[in-house]
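Any value given below was found using the heavy atoms of this structure, including those in side chains, with hydrogens, waters and symmetry copies removed. Throughout, protein chains are lettered first and strands after them, A, B, ... in sequence-line order, and every chain is numbered starting at 1. All figures in this text were calculated on a predicted structure; none of them were measured in a lab.
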Amino acid sequence: MSKRALSISREQSFPEWYQAAVRDGDMAETSPVRGCMIIKPWGWGVWERIQAELDARIKDTGHENCYFPLFIPMSFIAKEAEHVEGFAKEMAVVTHHRLKNEGGKLVVDPQAKLEEPLIVRPTSETIIGDAFQRWIKSYRDLPLLINQWANVVRWEMRTRLFLRTAEFLWQEGHTAHADRDDAMAETLKMLEVYRAFAEDVLAMPVIAGEKPANERFPGADNTYSIEAMMQDGKALQAGTSHYLGTHFAQAQNIQFQNEQGQLTYCHTTSWGVSTRLIGGVIMTHGDDDGLRIPPRIAPHQIVIVPMLRDKPEDKELIDFCAALEKDLKAQGVRVLVDAKPIKSAEKRWNWVRRGAPVIVEIGGRDASAGNVTFMRRDKLREGDKVASHTKARADFVAGVQQLLDGIQAALYAEAKARLDGNILTGIKTFDELAAYFGTVENDDEGGAFKGWARVAWSRPEGDKLEAIADRLKALKLTIRNAPLDQTEISGACLFTGDTAREYVLIGRAY
RNA sequence: CGGAGCGUAGCGCAGCCUGGUAGCGCACUUGCUUCGGGAGCAAGGGGUCGGAGGUUCGAAUCCUCUCGCUCCGACCA
């Protein structure tokens, strides 16, 4: 058995493996503030790549970036009834604006109480809606397409790095439209942007679909999501897009005069993805040697480790590496030469854990022969041995883009096979569903990988749906979404026995 | 907020039952050796044993309270 770069395997305990992967991969750590995280340079670099790639796509679809305040007057949140109810339990509230020194102790100055408490934004529908209400007067102002990159706070009970933190970073798009069709088209367009982004950039295959009524965003008419399958078979909601109808428009008086001069409520949408995506990337691609970052979001796509020996020959090595770095950069590749005075073997394994897509190791013989020795992080081992490849320098440089594309594609293919191969179809009754998923007492104790089930249902709402959700909850299951991509359906609803209307995906979730 | 478990060096842990004021592995520092690869030897540095009280001549160890973390549940991107 060869040694693995992480001290715990996915098999042993997936949650513990996740924590080790995040920590040893230098992505993030917990902070002195409960539930918040410190994102370290390597993790931040990944987020910057995600931002850059997604921001370009958001702008390509006609949206403009802007920035709204972190603080929202409490009365704003109260305007949309469902919205308040959905978020009330997890809001951070600012009530004072001054401290004072009392007998050497710093205390909140009761004199400095705010007239109206401020909420630290959990999302920005209300404060952006307030601006929309002033900005929109005419049908000529529509559609209004806005996006912002921001941090938000939701005071969560239980937190996990990247997956659920009290403060997280995201982008939130907010748009206003003249009618339902236009707003719905926007909602679905952005869902598609997310799907393509997740698959093309994160190499994370997802299923785009509509959330059942009980999983809707507070205040939305329709909520859509992209759902990704993690390596433990659980679903991760990786992005959401909401059609908000006229709920917020009515609550906040977002109206325009149409071509006939009539005052009309706007139809609004909102959509977002967060730093949770990074957790998704980790749980999609990570292995027992740590992270495997897809080349398109890797801060350094290629890390060059010179095998320094603290001798005069080192200079030749460093020169060779610098020249290689220059050539690779000319190919548009993000390269780092790691010449830190640390043992080469140590550096190699650090980059393995961080998941740099390609790790190049240059020794004296490589330098004089003009060769490049490298490892692909996606296919690190062959059997028990680390798979090291050697190429002539010129060939390596010429083929580098192809190499990176190949890694990106291989990571996607691996995850795609897992997703496609683990959606069970053909389940017709609730008993079969229960038998398949079983009552796993303890998910983390090697609960067998189950993936998801695709079942037919009649799309009930209200009490009927609540009852179904409760039955599923007993099995720790939730309805993830109804895929947009529906095949022809026949037969009966698994839950009600009524005529089925569509397929939904069911699984355990993060 | 309920249930379970855990807080001892950066990480992983032992010691606790049967009190006598800390230890192991990895990591870190220095030196020598080694050198196509997760090296060896030697010498070092680092801990108010989560915190506060209490019992005791003496507490990591026993008692009480408290804070935090992890997992499960409720909630959620």
Can you say whether the rings of Phe396(A) and Phe374(A) are parallel (under 30°), tilted (30 to 60°) or perpendicular (over 60°)? tilted
Name every residue in residues 343-357 of chain A that has at least one heavy atom under 4.0 Å from any atom of RNA chain B, in order of residue number, or write none if there are no such residues. Lys343(A), Ala345(A), Arg348(A), Trp349(A), Arg353(A)
Is there a Watson-Crick or G-U wobble partner for G68(B) with both distances under 3.5 Å, and which nucleotide is it? C6(B)
Could you tell me whether Asp378(A) and Arg292(A) make a salt bridge, using a distance below 4.0 angstrom between a side-chain N and a carboxylate O? no
Under 4.0 Å from OP1 or OP2 of G38(B): is there any side-chain N or O of Arg4(A) that close? no
Rounded to the nearest angstrom, tell me the gap between atom CE in Met91(A) and atom C1' in C75(B). 14 Å
With a non-hydrogen cut-off below 4.0 angstrom, is Gly363(A) in contact with a base, only sugar-phosphate, or nothing? base
Partner of Trp271(A) by ring pair (Phe, Tyr, Trp, His ring centres under 6.0 Å), out of His174(A), His63(A), His242(A): His63(A)
Between Asp287(A) and Lys379(A), is the closest basic N to carboxylate O distance under 4.0 Å? no
Side-chain donor-acceptor pair under 3.5 Å between Ser124(A) and Glu172(A), yes or no? yes
Integer-rounded Å distance: A74(B) P and Glu466(A) CD: 14 Å
Please measure how far the C1' atom in C41(B) lies from the corresponding atom in G53(B), and state the result in whole Å. 49 Å
Using the P atom in both, what is the distance from U30(B) to U55(B), to the nearest Å? 48 Å
Decide, applying a 5.5 Å centre-distance limit and a 30° plane-angle limit (both strict), whether Trp170(A) stacks on A77(B). no
Could you measure the distance from the CE atom of Met283(A) to the CG atom of Leu291(A)? Nearest 0.5 Å is fine. 12.0 Å
According to the Watson-Crick and G-U wobble definitions, with both distances under 3.5 Å, which nucleotide is paired to G44(B)? C28(B)
Rounded to the nearest Å, what distance is computed from the OH atom of residue Tyr18(A) to the C1' atom of nucleotide C71(B)? 16 Å
Please work out if Ser7(A) contacts a base, only the sugar-phosphate, or nothing of the nucleic acid, heavy-atom cut-off 4.0 Å. nothing
Please measure how far the P atom in A14(B) lies from the corresponding atom in C57(B), and state the result in whole Å. 32 Å
Is any side-chain N of the basic residue among Glu192(A) and Arg195(A) closer than 4.0 Å to the acidic one's carboxylate O? yes
If I take atom CH2 in residue Trp149(A) and atom P in nucleotide A77(B), what distance separates them, rounded to the nearest angstrom? 18 Å
Where the side chain of Arg158(A) is concerned, which of G37(B), A74(B), U70(B) is the nearest nucleotide? A74(B)
With a non-hydrogen cut-off below 4.0 angstrom, is Thr390(A) in contact with a base, only sugar-phosphate, or nothing? nothing
5'-most contact on RNA chain B (nearest-nucleotide basis), Arg216(A) vs Leu6(A), goes to Leu6(A)
Determine the contact category for Asp24(A): base if any of its heavy atoms lies under 4.0 Å from a base atom, sugar-phosphate if only primed atoms, P, OP1 or OP2 are that close, otherwise nothing. nothing
Give a yes-or-no answer on whether the side chains of Trp452(A) and Asn422(A) include a donor-acceptor pair shorter than 3.5 Å. no
Using Watson-Crick or G-U wobble geometry with both distances below 3.5 Å, tell me the partner of A74(B), or none. none
Find the distance Glu29(A):CD to U70(B):P and express it as a whole number of Å. 13 Å
Between Arg309(A) and A39(B), is there a side-chain N or O to OP1/OP2 distance below 4.0 Å? no
From the candidates G37(B), G38(B), A77(B), the one with an atom nearest any side-chain atom of Ala5(A) is G38(B)
Gap in Å between the two P atoms, one belonging to C69(B) and one to U8(B), rounded: 14 Å
Please tabulate, one pair per line, all N/O donor-acceptor pairs under 3.5 Å involving side-chain atoms of residues 42-54 of chain A, not counting sequence neighbours.
unit_1, atom_1, unit_2, atom_2, d
Trp42(A), NE1, Arg354(A), O, 2.8
Trp44(A), NE1, Glu48(A), OE2, 3.0

Calculate the interatomic distance between Tyr510(A) atom OH and C71(B) atom P; express it in whole Å. 10 Å
Between C71(B), G38(B), A77(B), which nucleotide gets closest to the side-chain atoms of Arg160(A)? C71(B)
Same-atom distance (P) from G68(B) to A27(B), integer angstrom: 34 Å
Taking a pair to mean Watson-Crick or G-U wobble geometry with both distances below 3.5 Å, A60(B) pairs with none
Expressed as a whole number of Å, how far does the C1' atom of C13(B) sit from that of G7(B)? 13 Å
What is the separation between atom NZ on Lys234(A) and atom C1' on A77(B), rounded to the nearest whole Å? 16 Å
By salt bridge (charged side-chain N to carboxylate O under 4.0 Å, His left out) - contacts of Arg154(A) (at least two apart): none
Could you list all the salt bridge (Lys or Arg N to Asp or Glu O under 4.0 Å) pairs where at least one residue sits in residues 208-220 of chain A, not counting sequence neighbours? Lys211(A)-Glu227(A), Arg216(A)-Glu461(A)
Please work out if Ser388(A) contacts a base, only the sugar-phosphate, or nothing of the nucleic acid, heavy-atom cut-off 4.0 Å. nothing
Between Thr159(A) and Ile342(A), name the one whose nearest nucleotide on RNA chain B is closer to the 5' end. Ile342(A)
In the strands shown, is G38(B) matched to any nucleotide by a Watson-Crick or G-U wobble pair with both distances under 3.5 Å, and which? none
Touch class at under 4.0 angstrom, heavy-atom based, for Leu163(A) against every strand present: base
With the side chain of Arg381(A) defined as its heavy atoms from C-beta on, choose the nearest nucleotide among C35(B), C72(B), G38(B). G38(B)
In Watson-Crick or G-U wobble terms, with both distances under 3.5 Å, the base opposite U18(B) is none
Heavy-atom contacts under 4.0 Å between residues 78-86 of chain A and RNA chain B, which residues? none
Tell me every residue that passes side-chain contact (heavy atoms from CB on, under 4.5 Å) with Leu118(A), counting only those two or more places apart in sequence or in another chain. Phe71(A), Val94(A), Leu114(A)
Short N-O contact, Arg353(A) and Asp289(A), less than 4.0 angstrom: no
Is U55(B) paired to anything, Watson-Crick or G-U wobble with both distances less than 3.5 Å, and if yes, which nucleotide? none
Can you tell me how far P in A39(B) sits from the matching atom in C1(B), rounded to whole Å? 48 Å
Between C75(B) and Lys473(A), is there an OP1 or OP2 to side-chain N/O distance shorter than 4.0 Å? yes
Pairwise C1' distance for A9(B) and G46(B), with rounding to whole Å: 6 Å
Output the rounded distance in Å from CE (Met283(A)) to P (A77(B)). 15 Å
